[in-house]
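Working notes, structure below.
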Amino acid sequence: MSTLSTKYDPSQIEDKWYAAWLEANLFHSEPDERPAYSIVIPPPNVTGILHMGHVLDNTLQDVLIRRKRMTGFNTCWVPGTDHASIATESKVVAKLAEEGIRKEDIGREKYLEHAYAWKDKYGGIILHQLKKLGCSCDWDRTNFTMNPDYSKAVLEVFCKLFEKGLIYRGIRMVNWDPKAQTAISDEEVNYKSIQGKLYHIRYPIEGMEDSYAIVATTRPETLLGDTAVAINPVDDRWAHLKGKQAIVPLVGRPVPIIEDEYVKTDFGTGCLKVTPAHDINDYELGIKHGLDSIDIFSDDGTINESGDLYLGQDRFAVRKEIVKDLEEAGLLVKIEPYAHEVGHSERTDVPIEPKLSMQWFLKMEELVKPALNAVNEGDIKLIPGRFINTYRHWLENIQDWCLSRQLWWGHQIPAYYLKGGNDYVVASSLEEALEEAQKKTGDSSLTAKDLTQDPDVLDTWASSWLWPIEVFKGLSEPGNPDITYYYPTQTLVTGPDIIFFWVARMIMAGYEIMGEKPFEDVYLHGLVRDKKRRKMSKSLGNSPDALKLIDDFGADGVRMGMLLSAPAGNDILFDESLVEQGRNFCNKIWNSLRLVKGWELSDVPASDQDQMAIKWMQARIDAESLVINDHFEKYRLSDALMACFKLIRDEFSQWYLEMVKPPYGEPISRETWEATISFFEQVLECLHPFMPFITEEVWQQLRDRKEGDFIVLQQQKKPSEVMHPILEEFELIKELVTKIRAFRVENGFSPKEQISLFLKTKDEERFIPYTSLLEKFLNTDTIAFVKEQVENSGSLRVQTHECFIPLKAVDTGAEREKLKKEIQYYEGFLQKTEKKLSNEKFVANAPEKVVALERKKLADTQEKLNVLRESLLQLN
RNA sequence: GGGAGAUUAGCUCAGUUGGUUCAGAGCACCUGCCUUACAAGCAGGGGGCCACAGGUUCGAGUCCUGUAUCUCCCACCA
């Protein structure tokens, strides 16, 4: 008996094989003559830790990579991390705050020291966690968006785009995050439905006693910055105000009443307060009508000197305060409840403050064109395809990209201001900037001290959009062998939530910089949710600890659980019970190993039955391999896994192993053993991309392997495309077995009780080779062929073959009923088919193949009915 | 407000160009079994008007139209 435990224990095995793979350098890739298959990892935040979303994303990538690695491709999966400017900065700021330190007090340099210390402490933890998951990344190529080379590339691209005139600096209305105190891009704003209030406020009219403009607003506090009141020119209700001045309440400032068709007459009061500094629409009205713009907020969202009534108070505190004051002044008409959409910062989740500020922008108009084309023309495929619409819509309506962030952690913008002024030069280093500045001013006495670098850093995505290029040093060493060989990469695996942030921008960068797409296929998976469809979140506590799951169930189990529920594009409803299924499956495989390891070999030739089983199993594996190939080609990974699962559990373990398993204590023929081990290897190879650890372990134990032998290195054989006739034959036997087993249960035979089986069939030869197999599966004492019905027996039919199994007590009545029921069913079916075939239009219009099938169905059914009717007759 | 998608078994989903007995899978459920690899297992079983109403067709989960419900994305009505 085997000394292996009855339960599979992944804990030792997984670490052992991961180390061995690394030791053998199996994941490292160098260009060679094979076709390349490369994937760049969506770089996780450098200080991030593994969560279920990562597990999904990276398992998918590992499956693709391992599969390609096993099928003759030179695979390269590049790992790395993103500096994640705003996310990391907010963590570092929070940590410093705990120590009572403000970044402004310690200055940029000191602050960055803290930030790097933080990065060194937490950075890359997630990459180690990916190893626990089994990810076969090329670790030698690990990159980071703030590595020196990478940073240089980012700045060079900035300079290049600037020289091309695509980057400009200007005062624009931007989305201001008052918590992070930085501008953010449109894509970083999430709109949330907020149950707010609509305040109706009286604005006195200059020179008109008791006459008021009544405006409706959701943000009364912004009246401090009002510079006009607007009405629609056709609105009779307010016609008397035309040309007058309104007095801003509390502030006492007279402002013009302007007319503009933008004002809706059917919303609110038809009278609009205009605050050009704090609302994008008002901003545009302001430009159109030449209004002043009064910025009343400090960067942190408190009131500044311009709104001196409430100096230093927070915007939301002021809202309450101002409403109270308006009420006391008798200027508040009413307050209505009002639901509206309010933009929130995706990072800090505070309401966005539209704010005028000086920022750097990238013109998108030209960059968008090739990116749009590539997807429209199918040069880049999105999977599933429906995301094309989302992608297209965004690109067609794109705004210029606000590149600057008022943060310190990141790539500092390579713009250098000359002393005193707004005049600046753009260059990727201080030295070049100085040279440039000297040229520009004609003053060769300028020194570095005369230049001040722009304090802002670049949006994180303005570095990660270069990821597929610069991980192969496509910018820092243009034309090097890696970039030539691996670029464009083949597949990008990521979530649809970052199509705009990242995917689209990588495509733009690819065409702009390399003149070529960055990848061929984009596989978009859904969000991981819990089984109640809720997002996984810390506050709900519904997000399992990925590492604990791996500890409890094994990485293979976790991977399988994740993949079983992950068709492309659908959200993943994660449920621990799926992981259990994964673990159980590991156990199943493990026990198959125990079985074959326990066998003694003998040199007798394989029995006929074994040879039959062997022929069938190979045909079955070949057929299923084609199905699995097809699933992979279409990125149907959960289907591919399910196919492997069923191939191993049902066909290999349940049918094949049971067929060839020798009786207890007896040896197995060497020939059968050899075939069995080969089948085991083949199915493990199919499964390996999904469950790398257990497949490696079992594969290693199946035979004596040489050092350096790994399952990964096995090239999967090309299966025959021709369907072997034995497959169909076998399905008949399977059906027979299943039906007789059911019969046994129905008729109260215990598993140990033997039955006799009499077969009445025109095709005895078809069953003869399988008789010993049937004996084994059905626990029979006799199997015999008969020409007539067998007395005192129960009966069942498979196709037109009849089985009789003698019973102690036969209920002929019930037997008759059973037959009648079957006859009824087939008669109905026959009728349907006959009707179809007698329909001239059907015969005339349907393809010949379909008609022929219907005819065959008719004939088969008639034959079945004959058999049934004869049986019924004999029973009487 | 605009757009996309979904609706098939108790749950999560497949269902390819409309055509075999096409109504499927996994899980869950029910019944029987501790049968010398595996109870984390084995054997068997029940369960669905394919959201609703029309239409096209010899033929419709599959194509078209409408309705209902849900999900997601985009969008500056204060």
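What you see is a predicted model, and the numbers here were worked out from it, not measured in a lab. Just so we're on the same page: letters track the sequence lines, and every chain starts at 1. Note that these values count all heavy atoms, side chains included, but never hydrogens, waters or copies made by symmetry.
Rounded to an integer number of Å, the gap from CG of A:Leu578 to C1' of B:C27 is 7 Å. Distance CG (A:Leu641) to C1' (B:A25): 13 Å, rounded to an integer number of Å. One atom, CZ of A:Phe645, and another, P of B:C38, lie 19 Å apart when rounded to the nearest Å. One atom, CZ of A:Phe501, and another, P of B:C74, lie 9 Å apart when rounded to the nearest Å. Distance A:Leu853 CG to B:G19 C1': 8 Å, rounded to the nearest Å. When the P atom of B:C77 is taken as reference, atom OH of A:Tyr338 falls 8 Å away, rounded to whole Å. Between A:Ile755 atom CD1 and B:A43 atom C1' there is a gap of 13 Å when expressed in whole angstrom units. Taking atom CG of residue A:Asn190 and atom P of nucleotide B:C74, one finds them 8 Å apart after rounding to whole Å.
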Review item, nucleotides 58-62 of chain B N/O atoms under 3.5 Å of protein N/O:
residue, atom, partner, partner atom, Å
B:C58, O2', A:Asn839, ND2, 2.8

Under 3.5 Å, which N/O atoms of the protein pair with N/O atoms of nucleotides 39-42 of chain B?
residue, atom, partner, partner atom, Å
B:A40, O4', A:Asn584, OD1, 3.2
B:A40, O2', A:Asn587, ND2, 3.1
B:A40, N3, A:Arg583, NE, 3.1
B:A40, N3, A:Asn584, OD1, 3.4
B:G41, OP1, A:Asn584, ND2, 3.3
B:G41, O3', A:Lys588, NZ, 3.4
B:C42, OP1, A:Lys588, NZ, 2.7

Intermediate values then yes/no, salt bridge (charged side-chain N to carboxylate O under 4.0 Å, His left out), A:Lys818 and A:Glu822: CA-CA 6 Å; A:Lys818 198 168 110 187; A:Glu822 279 183 59; 5.5 Å; no

ring-ring contact (aromatic ring centres under 6.0 Å, His included) evaluation trace for A:Phe679 with A:Phe652: CA-CA 8 Å; A:Phe679 296 147; A:Phe652 180 69; 7.3 Å; no

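Within 4.0 Å of A:Leu272, counting heavy atoms only, lies at least one base atom of the nucleic acid. Contacts of A:Arg219 with the nucleic acid, taken as non-hydrogen atoms under 4.0 Å apart, are absent. Residue A:Glu658 is in base contact, counting any heavy-atom pair closer than 4.0 Å across all strands shown. Residue A:Glu840 is out of contact with every strand shown, counting any heavy-atom pair closer than 4.0 Å. Here A:Tyr825 lies in heavy-atom contact (under 4.0 Å) with a base. Here A:Ser592 lies in heavy-atom contact (under 4.0 Å) with a base. If you check every strand for non-hydrogen atoms under 4.0 Å, A:Ser653 touches a base. The residue A:Ala742 sits close only to the backbone: its heavy atoms come under 4.0 Å of sugar-phosphate atoms, none of a base. Among the heavy atoms of the strands, none lies under 4.0 Å from A:Lys531.
In this structure, A:Phe632 has its ring center under 6.0 Å from that of A:Phe690.
Annotation: cation-pi pair A:Lys197/A:Tyr338 absent, no NZ/CZ under 6.0 Å from the ring centroid and within 45° of its normal. A cation-pi contact, defined as under 6.0 Å to the ring centre and within 45° of the axis, is absent between A:Arg583 and A:Phe553. The side-chain tip of A:Arg741 points at the ring of A:Trp655 from less than 6.0 angstrom away and within 45° of straight on.
The listed nucleotides are B:A4, B:A37, B:G45; the one nearest the side chain of A:Arg594 is B:A37.
Remark: A:Tyr262 is not in phosphate contact with B:C76, judged by side-chain N or O atoms under 4.0 Å from OP1 or OP2. The phosphate of B:G3 (OP1 or OP2) has no side-chain N or O of A:Arg386 nearer than 4.0 angstrom. The side chain of A:Arg533 contributes an N or O atom lying less than 4.0 Å from OP1 or OP2 of B:C13.
Remark: RNA chain B forms stems of 3 or more consecutive Watson-Crick or G-U wobble pairs, all pair distances under 3.5 Å, at B:1-7 with B:68-74, B:10-13 with B:24-27, B:29-33 with B:41-45, B:51-55 with B:63-67.
Against the 90° criterion about 0, the sugar-base torsion of B:C49 places it in the syn range. Base orientation at B:G15 is anti, since its O4'-C1' glycosidic dihedral falls outside 90° of 0.
Taking for each of A:Gln581 and A:His340 the nucleotide of RNA chain B with the nearest heavy atom, the 5'-most of the two is the partner of A:Gln581.
Residues A:Trp238 and A:Tyr212 come closest through the heavy atom pair CZ3-O, 3.4 Å.
B:C29 and B:G47 have their C1' atoms separated by 9 Å, with the value rounded to a whole Å. Rounded to whole Å, the C1' atom of B:G24 lies 10 Å from the corresponding atom of B:U8.
Between A:Asp260 and A:Asn232, the side chains place no donor N or O within less than 3.5 Å of an acceptor N or O (distance only, hydrogens not considered).
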